Amino acid sequence: MDVKLTLSPLENWIEGLDQPLVISGPCSAESEEQVLETARQLKAHTNIKVLRAGIWKPRTRPGAFEGIGVVGLKWLKKAKEETGLLTAVEVATAEHVELALKFGVDILWVGARTTVNPFAVQEVADALRGYDVPVLVKNPINPDLQLWIGALERINQAGITKLGGIHRGFSPMSGSQYRNDPSWEIPIELKRIVPELPMVCDPSHIAGNRTLIEPISQKAFDLQMNGIMIESHIDPDNALSDAKQQITPKTLAGILDRLIIREPATENVDFELRLKELRSKIDKIDSELLEVMGARMQVAEEIALHKKEHNITILQVNRYEEIMNDRIQKGKSVLLKEDFVKHLYELIHDNSIKRQTEIMNTEKAAGETA
Ligand code: PEP
Ligand code: MN
């Protein structure tokens, strides 16, 4: 697939914006106090650089809280002046773009419900022409990589090079543990096609609940994403939108502390040499393991013949019990967990029984025809 995007690396977007990019703040701006207090607490408990807030909310059904509108931009500006945090909002129309830029918003994002509509994306792109503002494009709600790429291309063709993607998951068919299915293969494929495209994960909208935010964030970093966007609120349970998935700034601080950011690779020759050495050890041990396992299976076959000769059943519960207990104890002495050894012997034993059954039946058939 031929995708040509002209992109600026994340570190050139805005002075002071470092990797990983962490964006947090309420799903929706609700009141001046809520926006300011969230910003203050984020500043006090974390070292994130960007405050988000939804100003215009695209709601699935009419009648839900549809966003506070332009007055919220004033609160964001105030929060920025007081805390020094950069600000980010969702834009869905040309008017949103103009107003957000007028109030000094630093980063814009295109929401999932907008990305699905090329007319709307084009309107946003046309309004962005001539500005040098970072724009993040969320994946469309349906798992359509082409549509996501198309939206990125439209914005890029309007001259926006500080461009990135936000992975927020895809509407699930049914019965998913996620509000939006992560389908990780889609952002991974986008990263493969356009490796230099900065990618931010939005665990809040993938999870739809608080408990899954941390593991999704860790996974995003382990898949080499460049940042995360997490919704936070001073009083999550009473949030006017997405209450179940919002967390307090303090909870966010705990999550950020625990996340492990690993390096994708290293130039370090010693590291590579040692890794190679360890991998060849593993290869050798695996060969030995398979040989030993093969030998064990042969003995099991001999046992089958022996039992057959003496008309004895394949399964002897006492013996199985004895093996299991003994191997679990032996496993413990070489630091193997009980659960692992138990699973391993269930597999081995099951296979052994299958093999013995085959042998006994073949033997029987052979005996009958003789
Ligand atoms: C949001 O970020 O608050 C939002 C509306 O998200 P999405 O576009 O991913 O649904
Ligand atoms: Mn939300």
Side-chain angles (χ1 to χ4, degrees), residues 21-30 34-35 38 42 48 50-62 64-69 72-73 76 87-93 96-97 100 105-117 120-121 124 134-144 147-148 151-152 155 164-172 176 178-183 186-187 190 199-210 212-213 216-217 220 225 227-249 252:
L21 173 60
V22 182
I23 302 172
S24 188
C27 177
S28 306
E30 297 169 8
Q34 173 242 13
V35 172
T38 309
L42 285 169
I48 70 154
V50 188
L51 172 70
R52 66 152 275 158
I55 299 294
W56 304 280
K57 301 301 297 178
R59 305 315 297 275
T60 304
R61 306 273 306 274
F65 177 62
E66 301 210 317
I68 204 77
L73 292 172
L76 273 178
T87 53
V89 303
E90 172 178 349
V91 290
T93 66
H96 295 167
V97 173
V105 172
D106 302 282
I107 298 176
L108 307 180
W109 85 82
V110 174
R113 289 165 192 77
T114 305
T115 307
V116 289
N117 180 352
V121 175
V124 168
V135 179
L136 297 166
V137 179
K138 286 202 176 193
N139 66 253
I141 51 175
N142 52 327
D144 185 341
L147 207 48
W148 196 2
L152 288 160
I155 305 229
I166 300 180
H167 167 230
R168 51 77 79 195
F170 305 87
S171 296
S176 170
Y178 302 104
R179 176 179 174 193
N180 289 294
D181 203 284
S183 304
I186 295 176
L190 180 56
M199 190 75 78
V200 171
C201 181
D202 174 348
S204 304
H205 288 90
I206 292 176
N209 69 67
R210 288 165 202 149
L212 288 173
I213 289 175
I216 295 169
S217 303
M225 297 227 180
I228 45 176
M229 173 149 95
I230 294 179
E231 288 185 340
S232 57
H233 194 287
I234 45 168
D235 183 10
D237 286 336
N238 291 307
L240 295 184
S241 58
D242 290 352
K244 279 197 282 198
Q245 71 195 32
Q246 302 209 57
I247 55 177
T248 62
L252 174 71

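Both counts, for ligands and for their atoms, begin at 1 and track the order of listing. What you see is a predicted model, and the numbers here were worked out from it, not measured in a lab.
- A distance of 11.0 Å separates CG of Leu212 from CD of Gln245, quoted to the nearest 0.5 Å.
- Taking every non-hydrogen atom of Gly111 and a distance limit under 4.0 Å, the qualifying atoms of ligand 1 come out as 8 (O).
- For the pairing with Ile23, the side chain to side chain contact (heavy atoms under 4.5 Å, CB included) check across Ile228, Ile230, Leu136 returns one residue only, Leu136.
- Residue Asp242 has no N or O atom closer than 3.5 Å to an N or O atom of ligand 1.
- Atom CE of residue Met229 and atom CG of residue Asp202 lie 5.0 Å apart, to the nearest 0.5 angstrom.
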Go through Arg52 and Glu90 one step at a time and tell me if the salt bridge (charged side-chain N to carboxylate O under 4.0 Å, His left out) criterion holds.
-> CA-CA 9 Å; Arg52 66 152 275 158; Glu90 172 178 349; over 6 Å; no

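- Here the CG atom belonging to Asn209 is positioned 11.5 Å from the CD1 atom belonging to Ile247, to the nearest 0.5 angstrom.
- In the vicinity of Arg168, heavy-atom distances shorter than 4.0 Å reach the ligand 1 atoms 7 (P), 9 (O), 10 (O).
- For His96, the ring pair (Phe, Tyr, Trp, His ring centres under 6.0 Å) test picks out Trp56, with sequence neighbours left out.
- Closest to the Mn ion (ligand 2) among the N, O or S atoms of His205 is NE2.
- Contact atoms of ligand 1 toward Lys57: 1 (C), 3 (O), 5 (C) (distance under 4.0 Å to a heavy atom of the residue).
- Applying the salt bridge (charged side-chain N to carboxylate O under 4.0 Å, His left out) test to residues at least two apart or on different chains, the pairs with a partner in residues 236-246 are Arg179-Asp242, Arg210-Asp237.
- Considering backbone and side-chain N/O atoms, Arg52 comes within less than 3.5 Å of an N/O atom of ligand 1.
- When only non-hydrogen protein atoms are considered, atom 8 (O) of ligand 1 lies nearest to Ala112 N, 2.9 Å.
- Near Glu90, the atoms of ligand 1 lying under 4.0 angstrom from a non-hydrogen atom of the residue are 4 (C), 5 (C).
- Of all the N, O or S atoms in Glu231, the one closest to the Mn ion (ligand 2) is OE2.
- For ligand 1, the atoms sitting less than 4.0 Å from at least one non-hydrogen atom of Lys138 are 1 (C), 2 (O), 4 (C), 6 (O), 7 (P), 8 (O), 9 (O), numbered in the order shown with element in parentheses.
- Separation of atoms CZ (Arg168) and CD1 (Ile141) is listed at 7.0 Å; rounding is to 0.5 Å.
- In Asp242, the N, O or S atom that comes nearest to the Mn ion (ligand 2) is OD2.
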